[in-house]
Protein chains: 2
Amino acid sequence: MTRITPASDRRSDALSRDRIVDAAIEILDTQGERALTFRALATRLSTGAGAIYWHIADKEALLAAASDRIVGLALARVGTMPDPRDAIRAHALALFDAFEAHAWVGTSLSLDPLQTEMVRFLERIGGSLVALGVPLAQRFDAWSACVNYILGVAGQSAAHARHQPPDANRDATLRAVAESWNQLDPSTYPFLHEAAAYLPGHDDRLQFLAGINLILAGLNQTPS
Amino acid sequence: MTRITPASDRRSDALSRDRIVDAAIEILDTQGERALTFRALATRLSTGAGAIYWHIADKEALLAAASDRIVGLALARVGTMPDPRDAIRAHALALFDAFEAHAWVGTSLSLDPLQTEMVRFLERIGGSLVALGVPLAQRFDAWSACVNYILGVAGQSAAHARHQPPDANRDATLRAVAESWNQLDPSTYPFLHEAAAYLPGHDDRLQFLAGINLILAGLNQTPS
DNA sequence: ACCTGAACACCGTTCAAGT
DNA sequence: ACCTGAACACCGTTCAAGT
């Protein structure tokens, strides 16, 4: 069947789930989570608010679909790696970066089988652990630890970003937290006094990776 | 100064931040996150909706305060332990259990110095790592990994609970996910086919603990 | 089958007015 | 200083009516 796209600039194609998710991501990224309303989305898509419900169940499903899309984009950026440890690190960093760039991605991810990109991510980590030779008895726990660490900690990191005004100075925020720790009683909070010195200027991303490396290192030990 | 509490059953004491947070937690626990509105809260406290704003900045601050309270209750349940590894495990499980019992606790936690219980938690984990003898050079990364794993993964776990109807059968949900994994193409998703067998009936809590143990085991290795 | 947009049943937050 | 509650400016979602 031949399909000819109209020569004239059509104002918009037919509505579709994909186009809705595209528009939602654009609003989320440029104007933030609070700006994503069905009315704003409908305006951007030149349609009525109710039309969206023909394609997507509700706002929760919309956010889940948008998050899954971001996961997919992150996975696409990860090349194949010969060393399974490197593969796990690369996937972890890719998701971390994606979550930082789109701070609204976070708790909306679930094991929902509709989230096809999430499923691909789960498989990739599992496959890397198989390639790494983690024995079957430990494999499921190790997989759960990796996957949950990546999603949980990256999500946690994004949550911090979410609770800040978008123009917040990261260094200033960290310095303020360090300052507040320094003002605690040093005898009851000795560690936080020590940590306060490390807080400003530390690299979230490297710290995130250090955690992954601890888990990978733990895999080499027989569990106590 | 002597204070005599009135003999008669006063309908309510003066409004206070603590009483507001108490009432909010009760609504969150019994009726869920969506039921927590300033109107419902005001009704329960026999006051006007606007009165709450005299004590708490906005809804975000309310949720943060409620979450911090839950962290405090969890910490209170952890006794002192001679072995720092046990202390870390005990703290991890206490927070995990608290997050499961109050699925609305999650992303609202931050490094905000107003969250005093959170600060106590951060100190306790750090102190345990000092007691464990983790050298200064690794200490900050190790602390970050532990703290972020616990908050992130426990929060992730609670997020799953949140996205389920409160009466959902956990086993049935896991079986459904396993079933959906089994229907994927086995040649592109070999790991998930294997994992599907482990999914129903697995213990989230033990898996969470296994991740903590991997991190603790990793601390014994020199980083690669 | 798909879209429209008014209508419904709510929200968080503010603020003049009270005590 | 603290509380009241109406008012404002929104929401997500539904649904009769259109094409």
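Convention: sequence-line order gives letters A, B, ...; per-chain numbering from 1. Below, all heavy atoms of this structure are taken into account, side chains as well, without hydrogens, waters or symmetry copies.
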Quick check: closest heavy atoms across Arg17(B) and Ala65(B), and the distance to 0.1 Å?
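Closest pair (atom of Arg17(B), atom of Ala65(B), distance): NH2-CB, 3.5 Å.
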
Nearest atoms (heavy-atom pairs only) where Ala87(A) meets His91(A)
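It is O-ND1, 2.7 Å.
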
Nearest-Å distance, [atom1] ([X]) to [atom2] ([N])?
| X | N | atom1 | atom2 | answer |
| --- | --- | --- | --- | --- |
| Leu62(A) | dG12(D) | CG | P | 10 Å |
| Ile56(B) | dG12(C) | CD1 | P | 13 Å |
| Glu33(B) | dC10(C) | CD | P | 19 Å |
| His55(B) | dA1(D) | NE2 | P | 13 Å |
| Arg34(A) | dG12(D) | CZ | P | 12 Å |
| Gln31(A) | dC11(D) | CD | P | 12 Å |

Less than 4.0 angstrom between a side-chain N/O of Trp54(B) and OP1 or OP2 of dC2(D), yes or no?
yes

Quick one, Asn213(B) with Arg89(B), criterion side chain to side chain donor-acceptor pair (under 3.5 Å). Give me CA distance, side-chain angles, the key distance, then yes/no.
CA-CA 8 Å; Asn213(B) 283 331; Arg89(B) 292 188 189 104; 2.6 Å; yes

Taking Watson-Crick and G-U wobble pairs with both distances under 3.5 Å, convert DNA chain C into its dot-bracket string, 5' to 3', dots for unpaired and | for cross-strand pairs.
||.|||||...|||||.||

Output a table of donor-acceptor pairs, distance under 3.5 Å, between side-chain atoms of residues 143-152 of chain B and any protein atom two or more places apart or on a different chain; print 'none' if there are none.
residue, atom, partner, partner atom, Å
Trp143(B), NE1, Leu122(B), O, 3.0
Ser144(B), OG, Gln207(A), OE1, 3.3
Ser144(B), OG, Asn148(B), ND2, 3.3
Asn148(B), ND2, Ser144(B), O, 3.1
Tyr149(B), OH, Phe208(B), O, 2.9

So, Ser16(A) versus Asp18(A): side-chain donor-acceptor pair below 3.5 Å or not?
no

Sugar-phosphate means primed atoms, P, OP1 and OP2; the rest is base. With that split, encode nucleotides 13-19 of chain C 5' to 3' as B, S or - using protein heavy atoms under 4.0 Å.
BBB----

Listed nucleotide nearest any side-chain atom of Thr37(A), set dC11(C), dG12(D), dC3(D):
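Given the options dC11(C), dG12(D), dC3(D), the side chain of Thr37(A) is closest to dG12(D).
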
Non-neighbouring partners of Asp97(A) that pass salt bridge (Lys or Arg N to Asp or Glu O under 4.0 Å), sequence neighbours left out
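For Asp97(A), the residues satisfying salt bridge (Lys or Arg N to Asp or Glu O under 4.0 Å) (neighbours in sequence not counted) are Arg205(A).
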
Could you work out, with salt bridge (Lys or Arg N to Asp or Glu O under 4.0 Å) as the rule, every residue matching Glu100(A), not counting sequence neighbours?
none

ring-ring contact (aromatic ring centres under 6.0 Å, His included) pairs, two or more places apart, involving residues 26-57 of chain B
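Output for this query lists Phe38(B)-Tyr53(B).
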
Identify whether the distance between the nearest side-chain nitrogen and carboxylate oxygen of Arg120(A) and Glu123(A) falls below 4.0 Å.
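A salt bridge is absent here (no side-chain N lies under 4.0 Å from a carboxylate O).
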
Heavy atoms under 4.0 Å, any strand shown: does Leu36(B) hit a base, just sugar-phosphate, or nothing?
sugar-phosphate

